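Right, one structure below, let's go through it.
Just so it is clear, the structure is predicted and the values come from calculations on it, not from any experiment.
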Amino acid sequence: MMPSPRPALWTSGDWNAFFGFGTNILVNMLVLTGLLRFVLKMPDAIVFGRILPALGLMMFLSTVYYAWLAYRLAARTGRNDVCALPSGVSVPHMFIVTFVIMLPILIKTNDPVQAWQAGLTWVFIQSFILMAGGFVAPVVRRITPRAALLGTLAGVSIAFISMRPAFEMFTTPLIGLTCFAIILVSWFGGVTYPKGTPAGLVAIVVGAAIAWGSNLFDLGLGGMSLARLAAAVGGIGLSVPIPAIGHVFSGFPFLGVILVTAIPFGVYDLVEAMDNVESAEAAGDGFPTTRVLTADGVVSCIGALMGNPFINAVYIGHPGWKAMGGRIGYSAATGVMVIVLSWLGVISLLLDLVPVVAISPILLYIGMLIGAQAFQTTPKTHAPAIALALTPHLAAWAKVLVDGALGAAGTSADAVGLDKLAGVGVLYHGLAIMGEGSILSGLVLAAVATFVIEREFAKAAAFALAGAVLTFFGFMHGPAIGVAVTPQVALAYAVVAAFLYGCKVVKAATVTQPAGPVATPLPTP
């Protein structure tokens, strides 16, 4: 018997996925750098000398590990279409650790170093929650319907991946829509570019050309500037990660603030990772959930101990990278790219070379694909459950916009008054309650709806009861963990659970009840 050939480490499709996924990672790194420098006012010595090198190491370890998992799966199954799981800095957590952990501590202490240390401690604690949860997650995944797992993932992708890039595209439509068309006709329409040039690279080059060319006509599209570009070139230099163990433990005095979000977001990580593993399996690639979550926890812990206050996560988007031809090599190549960008300080240079709006269509494409997958890989009868799963994420997204708009005006929802907001159609209180813990509430609501559709009322009642418990302790529909955080919502879930179980009892009685005496047919004359 001939041995099966070794899986290919690189295919032509990996170029497409590398440029697509690489630009996704690049956007996140640029945003992250902006948060550190302009929101937290951290000195460049910490940003470029400590945080980014440690982040690069963490992401390199993560992407290489998931490439190795894909290689093992391909070798074991003899398939040549296995695609590695994408991974990188968790985008929701990027904003949470910045605005909920580091910024308040910076305001309180006026010391960016203490804010950085609190962020390191937050990730350190989260990493152990992930490692422990990796052994529980497979059980949760087995008992949760696919419509719930993928439906809440679709909600994340539509609200927090697709919407902002879409807005950016229409803010600068000459670049945004042109680049979107370049990507759309290739990744959805099957059009190939000369010599197999990846569509993502074509879009970036065309977008940059339009942006820089517009300067000749004083249009200023994309905000490109030669002066800023020259300054960024001067800032290039080698920085390698340095252990920051002492800084991690220096953040423990802020443990009370940290635990309020570390525990619920650790649960969030577990559910999100399960969703993404389920998404990959729906696309044909089954990876072990325990190994995925444990790996996220381990590399996040290493990153924190080296100075990175941002957690690692498996990304949404596996089906998208697989659909464009990504296999094994794109993941490891992205890790190498991140090492180069972060250790050499090239991030600020790229920020001044390529307009972000040229990259936005790639993120919109991923959001479109994940949203579609939830409907395409589940029974048609479960579509209402998926639609229900979207609603908490839309509420969370709308609340972010409302808070941002009011904050820019120097006020808040409480200052304006909830009644006044309700009078103009903004039901802020409802947005806040429904949107908190959206990934969990989307999953619970969709699971209840799915089991109701299947007339499995006992299972629906069990998920409703789980929703009551999670809500009572603040994991869902509440701003922080605690006891009786939103008791009326928790009670409502409990009432729904009792009602659904009653439906199960009635259904069982209807099925088992005798149909009555059978009439004897009359004799034929």
Side-chain angles (χ1 to χ4, degrees), residues 129 132-153 155-156 263-275 278 289 293 374 378-379 381-382 384-393 395-396 430 432-512:
I129 295 174
F135 298 93
V136 179
V139 177
V140 177
R141 187 176 167 216
R142 266 199 312 274
I143 64 176
T144 307
R146 173 169 287 186
L149 291 169
L150 296 187
T152 196
L153 193 63
V156 175
I263 294 176
F265 270 88
V267 176
Y268 173 103
D269 286 333
L270 295 177
V271 177
E272 184 180 42
M274 286 190 297
D275 290 346
E278 183 71 21
T289 309
L293 284 164
T378 53
T381 54
H382 294 175
I386 295 171
L388 180 62
L390 305 181
T391 56
H393 301 282
I433 292 178
M434 191 173 191
E436 296 288 357
S438 56
I439 196 163
L440 282 173
S441 55
L443 184 146
V444 169
L445 289 170
V448 170
T450 301
F451 285 128
V452 167
I453 291 168
E454 295 297 326
R455 295 179 59 78
E456 297 185 50
F457 295 114
K459 292 180 179 179
F463 268 92
L465 185 60
V469 174
L470 290 170
T471 301
F472 186 79
F473 291 106
F475 291 99
M476 290 166 41
H477 305 301
I481 59 172
V483 177
V485 176
T486 45
Q488 289 190 37
V489 182
L491 177 61
Y493 273 108
V495 170
V496 170
F499 171 70
L500 291 170
Y501 191 79
C503 292
K504 181 258 183 188
V505 173
V506 171
K507 176 189 172 187
T510 303
V511 170
T512 57

- Query: So do Phe463 and Thr144 actually touch side chain to side chain, heavy atoms under 4.5 Å?
  - Reply: yes

- So, do Thr471 and Val485 sit near enough that their side-chain heavy atoms are less than 4.5 Å apart? no

- Message: So which atom in Gly155 and which in Leu390 form the shortest heavy-atom distance, rounded to 0.1 Å?
- Response: N-CD2, 3.4 Å

- Task: Search all heavy atoms of Ala468 against all heavy atoms of Ala490 and return the closest pair with its distance.
- Result: CB-O, 3.4 Å

- Message: When you measure from the side chain of Thr152 to the backbone of Ile439, do you find a donor-acceptor pair of N or O atoms at a distance under 3.5 Å?
- Response: yes

- Item | Expected output: side-chain Ser441 to main-chain Ser438 donor-acceptor under 3.5 Å | yes

- Task: Would you confirm whether Thr450, through its side chain, and Ala446, through its main-chain N or O, come within 3.5 Å as a donor-acceptor pair?
- Result: yes

- Residues Ala464 and Val496: closest non-hydrogen pair is CB-CG1, 4.1 Å

- Query: Which residue pairs pass the salt bridge (charged side-chain N to carboxylate O under 4.0 Å, His left out) test when at least one of the two sits in residues 444-456, sequence neighbours left out?
  - Reply: Glu456-Lys459

- Message: Let me confirm one number: the CZ-NE2 distance from Phe451 to His382, rounded to the nearest 0.5 Å.
- Response: 8.5 Å

- Please round to the nearest 0.5 Å and tell me the distance separating atom OG1 of Thr486 and atom CE of Met434. 13.0 Å

- Nearest non-hydrogen partners of Ala148 and Leu443, listed with the distance: CB-O, 3.5 Å

- Does His477 have any ring pair (Phe, Tyr, Trp, His ring centres under 6.0 Å) partners at least two apart in sequence or in another chain, and if so, which? Tyr493

- Query: At their closest point, which heavy atom of Ala460 faces which heavy atom of Val452, and how far apart are they?
  - Reply: CB-CG2, 3.9 Å

